[in-house]
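The first residue in the sequence is number 1, and the count goes up from there. Everything quoted here is computed from the prediction, not taken from an experiment.
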Amino acid sequence: MSKTLIVYYSRKGENYVNGSVRNLAKGNTEVVAEMIAGMTGGDLFEIDTVKSYAADYYTCIEEAKAELRQNARPELKAYPDSLDGYDTIFVGYPNWWGTMPMAMFTFLEHFDLTGKRILPFCTNEGSGMGVSERDLKKVCKGARVESGLSIHGAEAAESRSQVEAWVRKLV
């Protein structure tokens with residue numbers, strides 16, 4: 001039986017939710033990642049940057065925009081030792097400026113993903129997957145990147161049936 005990894009980046013604290021900024025104890029993407037792990041029995045790995053983003057939501061999104069414009073690769077605190085044992089990798093992230101946070105690029109470029117099956121999921125407040133699926137196909141050379149799941153961030157905690165239907169279809 002193949003092993004599954006759920007790798008994700010998620011923002012706790014100030015987030016944009018249904019038109020206003022609210023403080024979240026757990027990021028929306030983390031909520032969905034934990035659901036997927038529970039459904040698949042997969043291993044969870046949270047991506048964490050060495051340099052933290054600003055706690056203030058509006059400052060954070062400006063930092064994220066600057067990273068995107070610079071095509072930055074933020075340094076990460078840790079990586080799994082290897083992805084060799086995993087055939088299927090769920091990749092989760094919030095939509096930041098139309099794609100994945102640049103930390104996701106850092107993580108994905110660190111590994112040879114040839115032969116892996118990549119299943120993206122994205123939380124957002126209305127921008128869907130943006131161009132992240134296209135970006136994943138570019139960065140995950142040799143991998144099979146499948147169509148992703150877009151979850152409205154404000155509804156992440158109530159999205160179990162939507163997530164379950166997607167997972168059941170794919171796994």
Step-by-step side-chain contact (heavy atoms from CB on, under 4.5 Å) determination, Val91 to Leu119: CA-CA 6 Å; Val91 177; Leu119 306 173; over 6 Å; no
From CA spacing to verdict: side-chain contact (heavy atoms from CB on, under 4.5 Å), Asn95, Thr123: CA-CA 6 Å; Asn95 182 328; Thr123 58; over 6 Å; no
Stepwise side chain to side chain donor-acceptor pair (under 3.5 Å) test for Thr88 and Thr4: CA-CA 5 Å; Thr88 300; Thr4 299; 4.7 Å; no
From CA spacing to verdict: side chain to side chain donor-acceptor pair (under 3.5 Å), Tyr86, Asp43: CA-CA 10 Å; Tyr86 298 105; Asp43 298 329; 2.5 Å; yes
Chi angles and distances behind the salt bridge (charged side-chain N to carboxylate O under 4.0 Å, His left out) call for Glu164, Arg168: CA-CA 6 Å; Glu164 195 171 308; Arg168 199 175 319 119; 2.9 Å; yes
Test side-chain contact (heavy atoms from CB on, under 4.5 Å) applied to Ile89 and Arg117, step by step: CA-CA 6 Å; Ile89 303 172; Arg117 185 174 179 218; over 6 Å; no
Salt bridge (charged side-chain N to carboxylate O under 4.0 Å, His left out) between Glu158 and Arg160, intermediate numbers included: CA-CA 6 Å; Glu158 292 82 37; Arg160 179 170 296 282; over 6 Å; no
side-chain contact (heavy atoms from CB on, under 4.5 Å) assessment of Ile36 paired with Phe121: CA-CA 10 Å; Ile36 294 169; Phe121 62 99; 3.7 Å; yes
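A single hydrophobic cluster is not seen to contain both Leu170 and Ile118; linkage of ILVMFWY side chains at heavy-atom distances under 4.5 Å, directly or through other members, places them apart. Linking ILVMFWY side-chain heavy atoms closer than 4.5 Å, directly or via other members, places Phe111 and Tyr93 in a single hydrophobic cluster. When the side chains of ILVMFWY residues are joined at heavy-atom separations under 4.5 Å, either directly or via intervening members, Val139 and Val131 end up in two distinct hydrophobic clusters. Follow the hydrophobic side-chain contacts under 4.5 Å out from Leu136 and you never reach Val167; the two are in separate clusters. Note on Tyr79 and Leu44: separate hydrophobic clusters, where clusters join Ile, Leu, Val, Met, Phe, Trp and Tyr whose side-chain heavy atoms are under 4.5 Å apart, directly or indirectly.
Annotation: side chain of Asn124 is not in contact with side chain of Pro94 (no heavy-atom distance under 4.5 Å). Residues Val163 and Ile151 have side chains in contact (heavy-atom distance under 4.5 Å, counting atoms from C-beta outward). Looking at heavy atoms from C-beta onward, Leu24 lies out of side-chain contact with Lys12 at the 4.5 angstrom threshold. Between Phe45 and Tyr8 the shortest side-chain heavy-atom distance does not fall below 4.5 Å. With contacts defined as side-chain heavy-atom distances shorter than 4.5 Å, the pair Ser159/Met35 qualifies. Side-chain contact between Phe107 and Pro80 is present, with heavy atoms from C-beta onward closer than 4.5 Å. Proximity of Glu34 to Lys26: side-chain heavy atoms (C-beta onward) are separated by under 4.5 Å at one or more points. Looking at heavy atoms from C-beta onward, Met100 lies in side-chain contact with Asp135 at the 4.5 angstrom threshold.
Across all their heavy atoms, Val145 and Cys140 have their closest contact at CG2-CB, 4.1 Å. Across Ala154 and Asn28, no two heavy atoms sit closer than the pair N-ND2, 4.4 Å.
Checked by atom type and distance alone, the side chain of Glu125 pairs as donor or acceptor with a backbone atom of Asn18 at under 3.5 Å. A donor-acceptor distance shorter than 3.5 angstrom exists from the side chain of Thr106 to the backbone of Pro74, with no hydrogens or angles considered. Of the possible polar contacts, none joining the Trp97 side chain to the Glu62 backbone as a donor-acceptor pair under 3.5 Å is found. Put simply, the side chain of Ser132 gets close to the backbone of Met129: a donor and an acceptor are under 3.5 Å apart. The closest donor-acceptor contact from the side chain of Asp48 to the backbone of Glu46 lies at 3.5 Å or more, if one exists at all. Looking at Thr29, its side chain never comes within 3.5 Å of a backbone N or O of Ser10 through a donor-acceptor pair. Using a distance-only test at 3.5 Å, with no hydrogens or angles considered, a donor-acceptor pair links the side chain of Glu63 to the main chain of Ala54. Side-chain atoms of Arg11 come within 3.5 Å of backbone atoms of Glu14 as a donor-acceptor pair (strictly under, hydrogens ignored).
Between Tyr9 and Tyr53, the ring-plane angle classifies as perpendicular under the 30° and 60° cut-offs. Taking the six-membered ring where the residue is Trp, Trp166 and Phe90 present perpendicular rings, their angle passing 60° and hence far from 30°.
By the 6.0 Å contact criterion, CZ on Arg73 is enclosed, its count of non-hydrogen atoms from other residues, nucleotides or ligands being greater than 12. Atom OH of Tyr16 sits in a sparse spot, with 12 or fewer heavy atoms from other residues, nucleotides or ligands closer than 6.0 Å.
Side-chain contact annotation: Arg69 with Asn71, donor-acceptor N/O pair under 3.5 Å absent.
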